[in-house]
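Input: a single structure, listed below in structure tokens.
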Amino acid sequence: QVLLVESGGGSVQAGGSLRLSCSVSGYTPNSGACMGWFRQAPGKQREGVAVMRPVSSYTNYGDSVKGRFTISFDNAMNTVYLQMNSLKPEDTGMYYCATDFLPLGRCSVATTTMRDWGQGTQVTVSS
């Protein structure tokens, strides 16, 4: 059974930074593994922020976060990170970590129906 536990959320002023962590257990990355971060603001649909294939250098980012956010995976710690810089008020929302095994082309921020999800961590950016 896959267990995902997010941490690192909080409140920050615009322009600030946060690093989210997602501890993963029960999931062994292989060539088909896809891990990512998604977010949902009140009254809005869930959107993909960043995804990656941990066994390769492939990453994919949402247009609104390109150049500001970086996703990474620490194999030794089995933890996925999301470094968020230059935060904006529109980045506010609940951030979720998710994992799945997906074929080539399906590991994308457009794939919001991942198999396993964490409980989420709140990020609030004030202006």
Mark yes or no for whether [X], through its side chain, and [Y], through its backbone, hold a donor-acceptor pair below 3.5 Å.
X	Y	answer
Asp100	Leu102	no
Tyr58	Cys107	yes
Thr111	Thr113	no
Thr79	Met77	yes
Arg53	Gly32	yes
Tyr61	Ile71	yes
Asn78	Val24	yes

* When you check the gap from the basic side-chain N to the acidic O, do Asp91 and Lys88 get nearer than 4.0 Å? ->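 Lys88 and Asp91: not salt-bridged.
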Under 4.5 Å between side-chain heavy atoms, hopping through other hydrophobics if needed: is there a path connecting [X] to [Y]?
X	Y	result
Leu18	Val80	yes
Tyr95	Val2	yes
Met84	Val51	no
Tyr81	Met35	no

What I'd like to find out is whether the side chain of [X] reaches to under 4.5 Å of the side chain of [Y], using heavy atoms alone.
X	Y	result
Arg39	Glu47	yes
Val49	Val109	no
Thr99	Leu4	yes
Val12	Thr124	no
Cys34	Met114	yes
Glu6	Trp37	yes
Phe69	Leu82	yes
Thr92	Gln122	yes

* Asked: Within 45 degrees of the axis of the six-membered ring of Tyr96 and under 6.0 Å from its centre: does Arg46 put its NZ or CZ there?
  ->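 Geometry flag: set, cation within 6.0 Å and 45°.
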* May I ask you to establish whether Arg115 and Phe101 are in a cation-pi arrangement, using a distance under 6.0 Å from NZ or CZ to the six-membered ring centre and at most 45° from the ring axis? =>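 Here Arg115 fails the 6.0 Å and 45° test against Phe101.
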* Could you walk me through whether Trp117 and Phe38 pass the ring pair (Phe, Tyr, Trp, His ring centres under 6.0 Å) test, one step at a time? => CA-CA 10 Å; Trp117 295 83; Phe38 299 78; 5.1 Å; yes
* Asked: Can Ser17 and Asn85 be counted as having a side-chain donor-acceptor contact under 3.5 angstrom?
  ->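 Checked: Ser17/Asn85 side chains pair up, N/O donor to acceptor below 3.5 Å.
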* Nearest heavy atoms of Pro54 and Pro29, plus distance in Å ->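 Residues Pro54 and Pro29, closest heavy atoms: CG-CB, 3.6 Å.
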* How far apart are the closest heavy atoms of Ala14 and Ser127, and which atoms are they? ->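 In terms of heavy atoms, the two residues are closest at CB-CA, 4.3 Å.
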* Got more than 12 heavy atoms from elsewhere within 6.0 Å of CD, Gln119? ->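 Yes, the 6.0 Å shell around CD holds more than 12 heavy atoms from other groups.
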* To do: Measure the CD-OG distance between Gln13 and Ser126 for me, rounded to the nearest 0.5 Å.
  =>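 Here the interatomic distance stands at 5.0 Å.
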* **Selection residues 49-105 - residue pairs positive for disulfide (SG to SG under 2.5 Å), sequence neighbours left out** =>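 Those involving residues 49-105 are Cys22-Cys97.
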